[in-house]
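Note sheet for the following structure.
Predicted model, so just to flag it, every value in this text is computed and none were measured.
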2 protein chains.
Amino acid sequence: MTSIVSISEIAFLIGDPARTNMLFCLQTSEMASAADLTRAAGVAPSTASEHLAKLTQAGLITATQMGRHRYFALASPQVAELLDGMDALASKLAPNGPPSLRNDQAALHARTCGDHLAGHIGVALTQSLLANGHIRQNGNTLTLSRSGRALLHDLDVPLDPLTQSPRRLLSLCHDWSEDAFHLGGGLGGALLQTFLARDWMRRPKGRTFVDITPKGRTILRKAFGINANAPASG
Amino acid sequence: MTSIVSISEIAFLIGDPARTNMLFCLQTSEMASAADLTRAAGVAPSTASEHLAKLTQAGLITATQMGRHRYFALASPQVAELLDGMDALASKLAPNGPPSLRNDQAALHARTCGDHLAGHIGVALTQSLLANGHIRQNGNTLTLSRSGRALLHDLDVPLDPLTQSPRRLLSLCHDWSEDAFHLGGGLGGALLQTFLARDWMRRPKGRTFVDITPKGRTILRKAFGINANAPASG
DNA sequence: ATCACATTTCGGCTATGACCGAAACATGAC
DNA sequence: GTCATGTTTCGGTCATAGCCGAAATGTGAT
């Protein structure tokens, strides 16, 4: 039952590339489905399932069934801290190695966090929605306003399937790179999905960030007042 | 040459029991020969040698030849911190597992973190040094004041070798058990070394904490105003 | 009930890493 | 020089984890 006995077992679990990818995907997302993580890991669903089972059994991640999906999350902030520490050490040991997520400008600019947008753009989008009253925040509860519904209608974001889903429609998720919050939940997912479908953004295969197309830039500016130019390079 | 590429490689290296034993041996001993570590790992010398080569090449530990021995040490305080974090997580995940550092009163009271003091006493010592102006904190930089130098002189802590070493003299290191900071760096190491040499503290063989002798209690109270009684047992 | 989709279980293949013992290579002691 | 000691390299064995595809399970939609 109780499974983790030693430090080496934890390290062993983290020490597989597929699992590392999953964990780092979860680090930036409050929740991700098994399918999301399968994509993140770059392995077959069956293989991903095995990895997830191990991580869950060890207590590094938690799983909650929602409908026919299973959503995973890091089990505790300590796990995130540990991953963070490893990331820091890794980039210290290999300063000329591949850019880690933490130092990757593209990723910091428009990361994906599970199935929704994060990073600079994710936060800006969220703040725009709040500032314009499309989403209202009362204490811990978030509501979609009438104007918000109208906006989503204009953008052709299908809302009905979301409200029927057991998944929370709106939730804020802490963004480590911006030290702010970005929109998660069903709507966060639907927005990114729409952006990708309309070719406003593109996700490089297997990466955890998106590139914003010129068309996307225009939309972001018009609809949300966001200047989505590439991260400052000068 | 440059070897570590990713987080999973670091975790992979730590994720082998033999190597974990070696690393944790180094965490408490600052220097150990290949033979020591072979014993710690519980494998054949040839096998141990392979492990040490990998750890060294990855930059997790450093090796220095001395005579016909080779002495190893953790490459940086960050490595020690990482091991500490893993230990903390491991004991959290296996609360009914073998008694871990985290639940060990003696350890929480006066842990060692790498080569320096941590836990309740480590934090108290650090706060005393700061409160009395022996160490001054300006933003992120720490400086040893004139009174601090005098104190170290009184305690017969050799300072010259430290200032010449490439290692940072002063650094604060987050203490998970106290949720505060304790003194690391070269001075942190030198202090503990002095305490042990003067028999103010004793480290049980192979453990990662120290016991404070009556003599040590007196010194801590006089020099630092610290009440170093055993942890509250009632 | 039937279908579609998300996830898990199973069987089997393959690669790799941990391990040891024997031998080689140092280095210091004599 | 020879010897003993500490450490590394080499050759070969063995166990196991990762991987996949196919089939099974379970859940929600129709």
Nearest heavy-atom approach of R198(B) to L155(B) is NH2-O, 3.3 Å

Residues passing the side chain to side chain donor-acceptor pair (under 3.5 Å) test with S76(A), sequence neighbours excluded, are K92(B)

Taking the side chain from N132(A) and the backbone from H134(A), do they hold a donor-acceptor pair closer than 3.5 Å? no

At less than 4.0 Å, is any side-chain N or O atom of H51(A) found next to OP1 or OP2 of dA17(D)? Yes or no. no

Between R111(B) and G119(B) the two heavy atoms that sit nearest each other are NH1-N, 3.6 Å

Are K54(A) and dG18(D) close enough that a side-chain N or O sits under 4.0 Å from OP1 or OP2? yes

Do T194(B) and D156(B) have side-chain heavy atoms sitting under 4.5 Å apart?
no

Rounding to the nearest 10°, end axes of the helix from dA1(C)-dT30(D) to dC30(C)-dG1(D) built from five pairs each make an angle of 30°

What one should report as the nearest heavy-atom pair of L13(A) and R19(A) is O-NE, 2.7 Å

Query raised in the report: Do L144(A) and R136(A) have side-chain heavy atoms sitting under 4.5 Å apart?
Result: no

Under a 4.0 Å heavy-atom criterion, DNA chain C is touched by chain B from dG17(C) to dG28(C)

Taken to the nearest 0.5 Å, the spacing of L170(B) CG from L187(B) CG works out to 5.5 Å

Nearest heavy-atom contact between T38(A) and A44(A) is CG2-C, 4.1 Å

Closest non-hydrogen atoms of I14(B) and T20(B), given as atom of the first, atom of the second and distance, are O-OG1, 2.5 Å

Residues at least two apart in sequence or cross-chain that pass salt bridge (Lys or Arg N to Asp or Glu O under 4.0 Å) with D154(A), listed by chain then number, are none

- Hey, are the side chains of W200(A) and T218(A) touching, using non-hydrogen atoms and a 4.5 Å cut-off? no

Check your understanding: So, do T62(A) and F72(A) sit near enough that their side-chain heavy atoms are less than 4.5 Å apart?
Key -> no

With sugar-phosphate taken as primed atoms, P, OP1 and OP2 and all else as base, the protein-contact string of nucleotides 4-12 of chain D at under 4.0 Å (heavy atoms; B, S, -) is BBSSBBB--

The correct set of residues in residues 14-21 of chain B placing a heavy atom under 4.0 Å from DNA chain D is none

